[in-house]
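Beneath this line is the structure, given in structure tokens, with notes to follow.
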Amino acid sequence: MIENAESGLRRGGGLLLFALLLAAILPMGASAEEQAPRSFKLAAPPYEFVFPRDHGNHPEYRTEWWYFTGHLKTGSGRRYGFEVTFFRVGIAPPGGDRETKWDLEHVMPAHFAITDMEERRFRYYEKLNRASEFTASAAVGRLDVFNEGWRASTNPDGSWRLVASAGIDSIDLTLRARKPPAIHGENGVSVKAAGEGYASHYYSMTRLAASGSVNGQNATGEAWMDHEFGSS
């Protein structure tokens with residue numbers, strides 16, 4: 001049984017929300033250059049990834065997301081799948097004058113989903129906030145992104161903490177990298193289509209050891225993180 005969702009949603013749920021938001025913001029039929037004002041940076045080679053810097057926010061690019069998915073198993077053997085995604089969409093180019101902390105510079109959707117394998121149930125939840133230090137934001141230079149109470153952040157020992165809760169579902173996980181980042185594309189650029197700017201800077205953390213809790217039960221498992229940013 002699937003609650004509050006259609007059967008194909010899983011990863012597509014967050015991306016559908018993101019696509020609809022972009023459709024509302026960007027002009028129909030606009031080229032990559034038109035969609036990305038000169039003050040927004042285009043994803044172009046060469047780009048050298050540096051970590052942990054590139055786990056953080058890149059506000060000079062118009063669009064960015066951090067995408068966590070994984071499988072968990074509790075001490076009693078119960079299995080869950082999860083997904084937490086944080087999006088950032090630039091509205092005002094960086095570097096402009098700000099009148100207040102509430103000036104609309106970025107919009108930040110977020111998506112959280114749980115699959116309960118035992119009960120064969122799938123539930124998802126969404127948030128949409130303007131970026132501010134009070135509602136949703138992302139740090140530069142390190143992983144620390146939040147949307148209200150949902151957060152992915154860096155622990156003092158370099159591991160990550162991923163926290164989300166809504167309805168009857170919750171996760172609180174420590175994630176530890178077991179492999180270095182996998183960089184997509186060539187020269188730091190993942191090309192999407194012909195033409196300048198139809199690309200992104202994109203990498204994945206393909207093996208994250210997860211430990212913590214899901215729905216109040218101790219759990220361990222494995223997770224994956226995609227991080228992508230660009231202006232097309």
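Numbering starts at 1 and runs along the sequence shown.
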Counterpart residues, ring-ring contact (aromatic ring centres under 6.0 Å, His included), relative to H106 (two or more places apart): none

Distance (rounded to the nearest 0.5 Å) between S232 OG and E196 CD: 11.0 Å

Note, T74 side chain near V214 side chain (heavy atom, < 4.5 Å): yes

Straight-line distance of M225 CE to T85 OG1, nearest 0.5 Å: 11.0 Å

Side-chain (N129) to main-chain (A131) donor-acceptor, under 3.5 angstrom: no

Step-by-step ring pair (Phe, Tyr, Trp, His ring centres under 6.0 Å) determination, H201 to Y61: CA-CA 10 Å; H201 302 304; Y61 297 89; 5.4 Å; yes

T135 (side chain) donor-acceptor with R130 (main chain) under 3.5 angstrom: yes

N/O donor-acceptor pair under 3.5 Å between E64 side chain and H58 backbone: yes

Side-chain ion pair, K192 and E228, N-O less than 4.0 Å: yes

CZ/R207: more than 12 non-hydrogen atoms of other groups inside 6.0 Å: no

Residue pair S200 / A43: nearest heavy atoms and the distance that separates them: CA-CB, 3.6 Å

Side-chain touch V84/I171, heavy atoms, less than 4.5 angstrom: yes

Test: R79 and D116 ion pair at under 4.0 Å: no

Shortest non-hydrogen separation from A44 to V189 and the atoms involved: C-CG2, 3.4 Å

Test log, rule side chain to side chain contact (heavy atoms under 4.5 Å, CB included), inputs V107 and I91: CA-CA 7 Å; V107 172; I91 305 300; 3.8 Å; yes

pair L173-F68: side-chain heavy atoms closer than 4.5 Å: no

Close side-chain approach of T115 to M117, heavy-atom, < 4.5 Å: yes

Heavy-atom donor-acceptor pair, T154 side chain to L143 backbone, under 3.5 Å: yes

E48 bridged to R53 by N-O distance under 4.0 Å: no

Sub-4.5 Å side-chain heavy-atom contact between Y124 and I114: no

Spatial distance of atom NE2 (H227) from atom OH (Y203) [nearest 0.5 Å]: 5.0 Å

Verdict with reasoning, E83 to H111, per side-chain hydrogen bond (donor to acceptor under 3.5 Å, both in side chains): CA-CA 8 Å; E83 173 256 324; H111 192 269; 2.7 Å; yes

Side-chain (S231) to main-chain (K41) donor-acceptor, under 3.5 angstrom: yes

Side-chain donor/acceptor of S132 to backbone N/O of F134, under 3.5 Å: yes

Verify same cluster id: Y125, L72 (apolar side-chain graph, 4.5 Å): yes

Pairwise side-chain contact, V145 with N57, heavy-atom cut-off 4.5 Å (strictly under): no

Heavy-atom side-chain proximity of Q217 to Y80 below 4.5 angstrom: yes

S165 to W150 - nearest heavy-atom pair and separation: O-NE1, 3.0 Å

For the student: nearest non-hydrogen atoms of P45 and N187, plus distance: CB-CB, 3.8 Å

Side-chain heavy atoms of D172 within contact of R161, under 4.5 Å: yes

Criterion side-chain hydrogen bond (donor to acceptor under 3.5 Å, both in side chains) on T206 and S204, from CA distance to verdict: CA-CA 6 Å; T206 60; S204 298; over 6 Å; no

Verdict with reasoning, H55 to W160, per ring pair (Phe, Tyr, Trp, His ring centres under 6.0 Å): CA-CA 11 Å; H55 295 318; W160 295 339; 4.8 Å; yes

Atom pair OG (S170) and CG (N215), whose distance is rounded to the nearest 0.5 Å: 5.0 Å

Joint cluster assignment, I183 & V191, ILVMFWY side-chain distance < 4.5 Å: no

Cluster overlap V140 with Y47, hydrophobic side-chain contacts below 4.5 Å: no

In one Ile/Leu/Val/Met/Phe/Trp/Tyr side-chain cluster, 4.5 Å: F146, F82: no

For S159 against R176, the heavy-atom pair lying closest together: CB-NH1, 3.7 Å

Considering all heavy atoms, the nearest F49-G188 contact: CE1-O, 3.8 Å

Check ion pair R123-D169 (N to O, under 4.0 angstrom): yes

Flag, side chain of D144 to backbone of S153, donor-acceptor distance under 3.5 Å: no

From CD (E222) to OG1 (T69), nearest 0.5 Å: 11.0 Å

Separation of R88 CZ from E105 CD (nearest 0.5 Å): 10.5 Å

